[in-house]
Amino acid sequence: MQLEPTLEQAEMRRAVREFCSREVTIERLLDWERSGVGVDEATSRKVAGLGWLGLGLPAEAGGGGASLADVAHLIEECGRGLLPRPLLARMRGALGLAWLAPRSPTLAAVARGERTVALALDERDAREPAGWRTRLAADGCHVSGDKAFVPDAEAADLHLVAIGAPERPRFVLVDRRAPGVSCAALHSFGNEPQAHVSYREAAVLEVLEGGLDFDDWRRHQVALALAEMIGGMDAALAATVGWVKEREQFGQKIALFQAVRHQVADMGTRFTSARHLAWQAISRLASGSLGVTDFHSAAAWTGASFKQICWTAHHLHGGAGFVVEHPLRFHSERAQSLCIRWTPEAPALARIAATLLD
Amino acid sequence: MQLEPTLEQAEMRRAVREFCSREVTIERLLDWERSGVGVDEATSRKVAGLGWLGLGLPAEAGGGGASLADVAHLIEECGRGLLPRPLLARMRGALGLAWLAPRSPTLAAVARGERTVALALDERDAREPAGWRTRLAADGCHVSGDKAFVPDAEAADLHLVAIGAPERPRFVLVDRRAPGVSCAALHSFGNEPQAHVSYREAAVLEVLEGGLDFDDWRRHQVALALAEMIGGMDAALAATVGWVKEREQFGQKIALFQAVRHQVADMGTRFTSARHLAWQAISRLASGSLGVTDFHSAAAWTGASFKQICWTAHHLHGGAGFVVEHPLRFHSERAQSLCIRWTPEAPALARIAATLLD
Amino acid sequence: MDYGLSPRERAWRDEVQAFIAEHVDERLVDETRLRGNEGRGAEAQRFLGALRQRGWDRIAFPEEYGGLGKTAIEQWLFIDEIETAGAPMLPLTLTSVAPTILRIGDEAQRREWLPRIQAGEVDFALGYSESEAGTDLASLRTRAELDGDQWLVNGHKMWNTMAHMATHNWLAVRTEPDAPKHKGVSMLIVPMDAPGVSVQPIHVWPGLRTNAVFFDNVRVPRANLIGERGLGFYYAAMALNFERLSIGSAGMARRIFDALVREVRVRVVDGRPLRGDPWVRDRLARLRVELDAARLLGLEVAIRLDRGEVPAAASSMAKACVSELAQRVADTGCEILGLDGQLHAEEPSALVKGRLQWLYRLAPMLAFGGGTNEVQRDIIGFMGHGLPRK
Amino acid sequence: MDYGLSPRERAWRDEVQAFIAEHVDERLVDETRLRGNEGRGAEAQRFLGALRQRGWDRIAFPEEYGGLGKTAIEQWLFIDEIETAGAPMLPLTLTSVAPTILRIGDEAQRREWLPRIQAGEVDFALGYSESEAGTDLASLRTRAELDGDQWLVNGHKMWNTMAHMATHNWLAVRTEPDAPKHKGVSMLIVPMDAPGVSVQPIHVWPGLRTNAVFFDNVRVPRANLIGERGLGFYYAAMALNFERLSIGSAGMARRIFDALVREVRVRVVDGRPLRGDPWVRDRLARLRVELDAARLLGLEVAIRLDRGEVPAAASSMAKACVSELAQRVADTGCEILGLDGQLHAEEPSALVKGRLQWLYRLAPMLAFGGGTNEVQRDIIGFMGHGLPRK
């Protein structure tokens, strides 16, 4: 086992951490929240300029050629530093495109940060491919259907749209500004700009082929969520440890109350186990050596742990962590919204049960 | 609402409590355990002489004519005082007979304490009536089949045997000493004498009729279990409160450690809610006014609370409560075995879900 | 023992239900929800007026001062019905401050404040917490000094909810700087329009507004100190006692849970009814069990009040249990609703009117506010089980 | 980061697995189970002999004293495989006492004890706890006074497991009565056959035997005091350090869980396969997640050992987590097996060989023994997160 980041990974982490502490201030988070678009242009350009959006894209397309593990290190730090969610959505979009179609001609523009991709997968009442009603026209060049809760849908240049099919799903790329594409913005939890998107005979730019199959592709996306969650819970835990050492009540630091100390201890235990379980899943996914329940255990445990840690963090912060000007609530909202989208407990447990019992 | 016991009920409780503290000592519990029969003859006779076995039997049959609530008060105190389990099994058996066949000619002898009844319901792989394979012969006078985990099977005079049927189950009374009845004693958890019983063309003494239908009958039996559990958890809680006030570690009473205090607080909260939920179910069952989920909520919560309280009690007692000479373990074993037999969580939750959703 | 209602209790509950059927409609429930259960909107005022007409605004008053002579169990039934209906609760002015003034005020003070409270002319914000005095109330620093016939008030209060709408503040102030911490506090009524009072909004996560209120040489008449000097810490506890029946009510969590269940009954995901999902069935059933159990902790409070006890341990049990259960309802509910679980109440298509995500954001406050659950558990240990303090 | 095994680790694990395939059979596993993991039966002695032949009894020794030079991660893999197979663990004499003597003993002491330990002639019971000194070890009262060239030992030890079979006791005694509590303790080796030593059995709930051991004017040579006088409290902590990899192992809980899963796969109740029950499926899946998570806390201990740290917080995490998880496995397992869940191991028809009810009785001891979980959580707070102590 080799359980330390490489020098390059550590350097990347340091750079992201430094960037976030400088650029992602609470004042800006509040501004971005008020604006409804989640991030400003200047910050978007800076991040694109750093090459982070293209880090995991193939070198042939001008990307960084980094491994899944490298990207996970980047994303863990973005989660810790509360990098605006649209930027994380763009990283997912870029990688999502590369993993489905590693030789897509569009990748070069994406790697250069000139074009961004939003993932349009879910439909209002269907989360599984078999239920998707979005369809390709008989000509193979136009797409029609309705996608729901598409992150960064309005700002992205391109939509990666999932096509339902009885056998296996297919994916196409559509220009967000093409005729027939319309977005209805949502006021959603987590202050992530999302929209319901309607495609009416919208022109297909590209049919995506040659990459991972959908199940594997989704596991790769979940791996990114795991990394983001680990970063977020580390931040919530660290903030809480700092706070209980300083805050006084009844004439003493509240860390001296055993009940407070033990809650911190349990946060620490959950964080430690979740971090290993998540990274074990990420590293085994990357090396193609996933055990039978590794991935689903990691999904169920990491998501639940992030929410639990945020809950305890809020509890121990009391009123001081509850005002809108405190970053903690951003972590808590991301915890729930990442869980809902990428690591819901029910299917993970169902898969584990099937592995054990069927 | 009238939430205090009546004077008669309070008097009965006091009498049971006093009896148990005098007669059910830890030395005797250990003796009874070693003997394998669970109780000695003299104690059995005393309890029969006090009329407790016939308390809830109809007055016409010479019983005490007490209500379900009265009996539940008695049983709660028996649970608190660790009255030997065979005696509790005999109370259940007597009531079980009376509830199924309130005009049974056998009740008079049972009310006088001359004959005892064991409940032979479950089969090794079948807990529901539809699965029972025990059958009545065509003559209607002989029974054949195998019953499993029958409490007090060897010592009881009579077995109340459940007959499987596609529509509704039936029940007959069999003499334990009749030809064709044979018991295989079990070494089981909870140190309750139980046996697998085989009936081979065993003569039927009586076909039981005229009482509750099986579902209602079972709810009455569960109500007794709820009362027994409340008594047991009250005892475990009280012992723990006493212990943490006296035990010293690190130069102070362990009750002064906030983590200890909070565990006691949580035991108290669970006990309080379980006591109300259990007694609400008992009193509403008795008055025929059960709400849709009252009973199943009470079953699920009371059982889980008893186990949880015992677990915490053991934890806070440490080694001192872990030696075989400490009564706590008897409560813990009864908690699990009562849960397994009368209040398993899965069917209770399934019934609640069906009520809510179907 | 009988958990069924007595004829008198049944008649009372029927009366309350009939009242609710007449006076609670969707506009009121929507207003109450959108204002975060504030109960100060136009619909709420109309509802409160109807309550007043019946005299039910005095439900928590002692009988000798015009109270209804209801038992605590009857009051608990009232609260349970109001909460279940989603109507606003009676304001704390009526359920907490007024009964306290009735008990500790002198005749002149009662004559001064009670009629105006009952007429709805006077409405209090409760000014206890400060930055450094949260759960540790005895550490409060806002001070009042006697200057002739007036109290001179200086300092600030935090989490002073409703201060921007109230006419007066029911203020815990330090009047005896040399006394031991918890013996130097008094209760003072400060008009919000007095010169030197300023209100700063504080916005918190669930979208609610509370306030920081600053007192800069604020002068109030000597007679505005209610009860005895230096006993304010105990008076605050007394005022809290009158809130105990509602603080630990599982009603709101239950109402949101019931709405979630209604949604699950009809919702179809991936072509399958959501109610058929074993995970959903199991989680909802477990929450229902916990809600049934938590509700009866409120009954325990009522039982003890009717016995004439101070139900400190029982109400701490209810408060800690219900607040933590609310979080589980919210968390499980969000996950059951899936991506829809993210939608804010403002979103017209939000399932269950966005209540689950709102409760997810609100629940932490229920657990740390009003005395953290750690302190509640200490109280249960000390008061409920006689554990030693030292 | 790579959670896969390196070639060296893989070779080692393969070697261990091959060894287990050769030397672990059902008789050994049954004996180990029936003796409560004691590992002192005839089969266990045979197994230990095979380990000795490979030199694996020295796996925890420092390399300069004949240790195998295995990393902590490799030792963790070894423990994981042994536990998963259900074979007895190496005795504490070899994994805890011997490495301590190697570090703190002088040359003569090492020459005196090590060869005899390795030959299996000397086997220790660990004498730390007393009635009034459980988790609070520093309060121990058993005292040793120097009388000429001998130590005179008086007092008693509780929970002195194995004392009735061991040749010697590894005893924490108070040698400096005037020093501060935790600076007055030393480590003394006391032969169990010394005059004045008497052993009383203590039987505990899960059917295990432990002992109270009394010391009445017991005389042992001066040289039996190992290390420096007054540092015994730290030596006991050091000995504990060598146990850390096994204390928090989730192996036993996992093994019992796996056996439960195998039973559930084939069992039919009421005509339906038990594995089709949604409740059973959900609960088993959740336990598996928790077991997967808990196992990696053991890896955290190994990582820190390999970095040269004292993994106090990490091993406290593993200990607290695994002990509480064992209870959930046992409780859920009993309930899943239903009425069969009650049967003792002695009952031939007991499902899963009665392991679930045994674990139900054992689990509380895992949580309060070896330092209560409250102390473990304090340690996590102090050592893991730098929280203040005063």
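Lettering follows sequence order; numbering is per chain, from 1. No hydrogens, no waters, no symmetry mates; every other heavy atom, side chains included, goes into these values.
- Applying the side chain to side chain contact (heavy atoms under 4.5 Å, CB included) rule to Pro84(A) yields the partners Val24(A), Trp32(A), Val39(A), Pro86(A), Leu87(A); only residues at least two apart in sequence or on another chain are considered.
- In this structure, chain C has a heavy atom under 4.5 Å from the side chain of Leu316(A), while its backbone stays farther away.
- For chain C, the nearby part of Phe149(A) is the side chain; its heavy atoms alone come within less than 4.5 Å.
- Between the CZ atom of Arg361(C) and the CZ atom of Phe322(A) there is a distance of 9.0 Å, given to the nearest 0.5 Å.
- Asp340(C) touches chain A through backbone and side chain together, each having a heavy atom under 4.5 Å away.
- Within the structure, ring-ring contact (aromatic ring centres under 6.0 Å, His included) contacts touching residues 330-355 of chain C (residues at least two apart or in different chains) are His187(A)-His344(C).
- One N or O on the side chain of Asp136(C) and one on the backbone of Phe250(A) form a donor-acceptor pair closer than 3.5 Å.
- If you check the side chains of His315(A) and Glu374(C), you find a donor sitting under 3.5 Å from an acceptor.
- Interface residue Ala185(A): only backbone heavy atoms are found under 4.5 Å from chain C.
- Neither the backbone nor the side chain of Ala350(A) comes within less than 4.5 Å of any heavy atom in chain C.
- Under the 3.5 Å distance criterion, the side-chain polar atoms of Asp270(C) are left unmatched by any main-chain donor or acceptor of Gly131(A).
- In this structure, a donor-acceptor pair under 3.5 Å is absent between the side chains of Glu333(A) and Gln342(C).
- Both the backbone and the side chain of Glu345(A) have a heavy atom closer than 4.5 Å to some heavy atom of chain C.
- Taking the six-membered ring where the residue is Trp, the centroids of Trp205(C) and His314(A) are separated by under 6.0 Å.
- Ranking Ser332(A), Ala259(A), Ala130(A) against chain C, the residue ahead of the rest is Ser332(A), based on heavy-atom pairs under 4.5 Å.
- Looking at Arg247(A), the atoms closer than 4.5 Å to chain C (heavy atoms on both sides) all sit in the side chain, from C-beta outward.
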